[in-house]
There are 2 protein chains.
Amino acid sequence: MHRGQRRRRVTIKDVAAAAGVSYQTVSKVLNGQGSVAPETAQRIWEAARRLGYRPNVTARSLRKRATHLIGYSWYPISPDQTNPILDKFLSSAVRAAEEAGYHILLFPTEPDQDPADSYGRLVETNRVDGFILSTTNYDDPRIRYLLDAEVPFVAFGRSGPDLRFPYVDVDGRAGLRAAVHHLVEQGHRRIAFLGWPPSSRQGSARRNGYLEAMAQAGLPVDPEWIRVGEHRVTDGRRLTQELLALPQGRRPTAVAAVSDLLAIGAMQAARDAGLRLGAEFGVTGFDDTPGIQHLMPPLTSVRQPVWEAGQRIVEMLIALLRGETPEEREVLLEPRLIVRASSVKPGES
Amino acid sequence: MHRGQRRRRVTIKDVAAAAGVSYQTVSKVLNGQGSVAPETAQRIWEAARRLGYRPNVTARSLRKRATHLIGYSWYPISPDQTNPILDKFLSSAVRAAEEAGYHILLFPTEPDQDPADSYGRLVETNRVDGFILSTTNYDDPRIRYLLDAEVPFVAFGRSGPDLRFPYVDVDGRAGLRAAVHHLVEQGHRRIAFLGWPPSSRQGSARRNGYLEAMAQAGLPVDPEWIRVGEHRVTDGRRLTQELLALPQGRRPTAVAAVSDLLAIGAMQAARDAGLRLGAEFGVTGFDDTPGIQHLMPPLTSVRQPVWEAGQRIVEMLIALLRGETPEEREVLLEPRLIVRASSVKPGES
DNA sequence: AGAGGCGGGGCGAACGTTCGCCCGAACGTT
DNA sequence: AACGTTCGGGCGAACGTTCGCCCCGCCTCT
């Protein structure tokens, strides 16, 4: 309350003096430990309130050997793009963390950096208690390091089957299944897939979803329909041009892409070929990047439950830090297909 | 180097024992203070390296009364949008901070929250040494509080003229001047302005830029051409429809918008009215939001030097924290117009 | 009446640093 | 020979908590 005194901050000892007890007793009361007479406790609380006492988190950290800080690093991506989910993910995680008395510390990583350097440093100097990892992939060196060093962490995304660790991930397979399902319902029979190279863990999950949905619908898959490129518009465009160059009977009438950027490229290629999007050529993307609803036509896409992911990850990590074992160590969240005009034939509702 | 011992971390005392000196001497050597014989220093450095000593930042913080942590809060925005610059800004700030041995702590704020609560708490509990503020506006309560409490901070954005504080801002006035300039060069004479309500500090700077450029070009400004709305596509669309409903001679042939979302709305309205974008109706936006280069046609926009802003802000804040006075306390950065097809008449180069 | 139990609270120590003071030896000066 | 300076390094204390132990007095039970 009092904003008067600038310099010297009020400590537990000031409170003790004001309440006429030893400072250790104040600590007990404020932390609700030990047995203290109700009237004494009352006096102490009141003194603390009156003096505007705030515990010094640094001293507490030193004593308890826990900083209540969680490290989060992400790979900043190329300058012409935005991370579509960073904002929401961070908001979610930060909020969940705060509710448990934790805060989130950002730190920079270059993808090709030795994790022992950046992650190790941070934990060895007692900067953070644990980590949130994102953008995981097969054989992620960070995962190996953290497991090896026994540092608590939770990942946003899975890795290879040989590594067991707590994670939350979005079921990309189900997402692509839903997209293909929807295209089939729209009457498409020849549906192509724009994917990422096989080295991408997410890419192969989504690819499996595509294959499953096609099989489920009893539709054959021409090997030519499965094409891979980088996460770039130009690649989506090029790959789709190749698809449209296939002979009449093998030429797909729709594509399901693993990312919105690829899907945007597909839309461009289809338009260039004189096809009416939606009516003659269906396109779906992935991520529901903000802005794609303003494309012409608006792009159908798979939206990840980013908010929930942030919440769950933080909850799991904090449970870990408290020494509890979370009920689930491996969580898979369902994404949701957002249908827009790029994949809908005008005739049908 | 040794990843062997898990539990007990190596402290300064271990190093001292290994080097055969008192632990305070180790501290002196590692911090380069006091005078120590070269051979002894050598011995100490070597022991530290061999044992893999890492200073405990918590203990150091406690003693030095400085956490080397910087707080950053931002207002998470509505779910259907992405903050176009958060990713890059954070990368930049985090990197600059790390170079100086600082880290960045995220914390959540609701816009209508009492700053004394969130900001005050963080600094009173010694969580952070200072703050970075973003999305400032006139009469920002956070600024008042931080000035009042004498907490070091640097803002990304200005406020009213009555508050003096260190900031870095992008010159929105110059940005709009450039946009209007460009439209004039494209042959437009009747140019409208899509703005934000007058309560927005950024909005009025950009509005001034529009007015200045029009005056400079010797063009009259019809009051009907200045329209305000919220940061939404639908508003941009509605406002532009109103503009296009003006009688022949007063109807603008181009609009300069204060944000990409408004500009996208303007593009939609123009297209709905049967106008060919670029050729018959010019549109410019602001922010260079990722993705707008994929619109049809790609949208001309004003790009902010976000990376540089992050760097400068952190540098200033750290200077402040070190007790130095930064050379400049008020920095204005030039934005850059990125010209795309939405504002260019096909005939001209 | 003495033993045992329990509620209430004090006290020393520790967490891992940094800071400032002091002391002894070596050296050079008057 | 006595004195002042400088260098090298030790030592106590402090930063603000929390933890565990101990002690005291009162109540209760045998």
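Quick note: numbers below take in every heavy atom, side chains included, and nothing from hydrogens, waters or symmetry partners.
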Heavy-atom nearest nucleotide on DNA chain D taken for B:Lys64 and for B:Val21; more 5' hit belongs to B:Val21
Taking for B:Ser22 and for A:Gln33 the nucleotide of DNA chain D with the nearest heavy atom, the one nearer the 5' end belongs to B:Ser22
How many whole angstroms separate atom [atom1] of [X] from atom [atom2] of [N]?
X	N	atom1	atom2	result
A:Glu39	C:dG9	CD	C1'	13 Å
B:Arg65	D:dA14	CZ	C1'	9 Å
A:Arg63	C:dA14	CZ	P	9 Å
A:Asn31	D:dT17	CG	P	10 Å
A:Asn56	D:dT18	CG	P	10 Å
B:Glu124	D:dT17	CD	P	13 Å
A:Leu30	D:dC19	CG	C1'	15 Å
B:Leu62	D:dT18	CG	P	12 Å

Under the 3.5 angstrom rule, does the side chain of [X] hit a backbone N or O of [Y] as a donor-acceptor pair?
X	Y	answer
B:Ser73	B:Pro108	no
A:Arg95	A:Gln311	no
A:Thr136	A:Arg158	yes

Check your understanding: Looking at C:dG9, does its base get a donor-acceptor pair with the side chain of A:Gln24 below 3.5 Å?
Key ->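 Result: no qualifying N/O pair found.
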Next item on the list: Answer with yes or no whether B:Lys28 presents, from its side chain, a donor or acceptor under 3.5 Å of a partner atom in the base of D:dG10.
Entry: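 Result: at least one qualifying N/O pair found.
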I'd like to know whether CD of B:Glu327 has more than 12 heavy-atom contacts from other residues, nucleotides or ligands below 6.0 angstrom.
no
Please check the phosphate of [N] (OP1 and OP2 only) for any side-chain N or O of [X] closer than 4.0 Å.
X	N	value
B:Thr25	D:dG10	yes
B:Arg60	C:dT18	yes
B:Tyr23	C:dC15	no
B:Ser27	C:dT17	no

* Asked: Are B:Tyr23 and B:Thr11 linked by a side-chain donor-acceptor pair shorter than 3.5 Å?
  -> no
Over all strands shown, is [X] touching base, sugar-phosphate only, or nothing at heavy-atom distances under 4.0 angstrom?
X	result
B:Ser35	base
A:Thr40	sugar-phosphate
A:Asn126	nothing

Side chain to side chain contact (heavy atoms under 4.5 Å, CB included) with B:Phe107: of B:Trp74, B:Phe131, B:Tyr72, only one passes, and it is B:Phe131
May I ask you to decide whether B:Asp162 forms a salt bridge with B:Arg144, counting only side-chain N to carboxylate O separations under 4.0 Å?
yes
Item checked: Pair B:Glu328 + B:Arg312: basic N to acidic O under 4.0 Å ->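 Looking at B:Arg312 together with B:Glu328, the answer is yes, because their closest N to O distance falls below 4.0 Å.
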Side-chain contact check for A:Tyr53: nearest option of D:dG9, C:dG9, D:dT17 is D:dT17
- Message: Quick check on the helix from C:dA1-D:dT30 to C:dT30-D:dA1: what's the angle between its two end axes, five base pairs per end, to the nearest 10°?
- Response: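 One end's axis against the other's: 60°.
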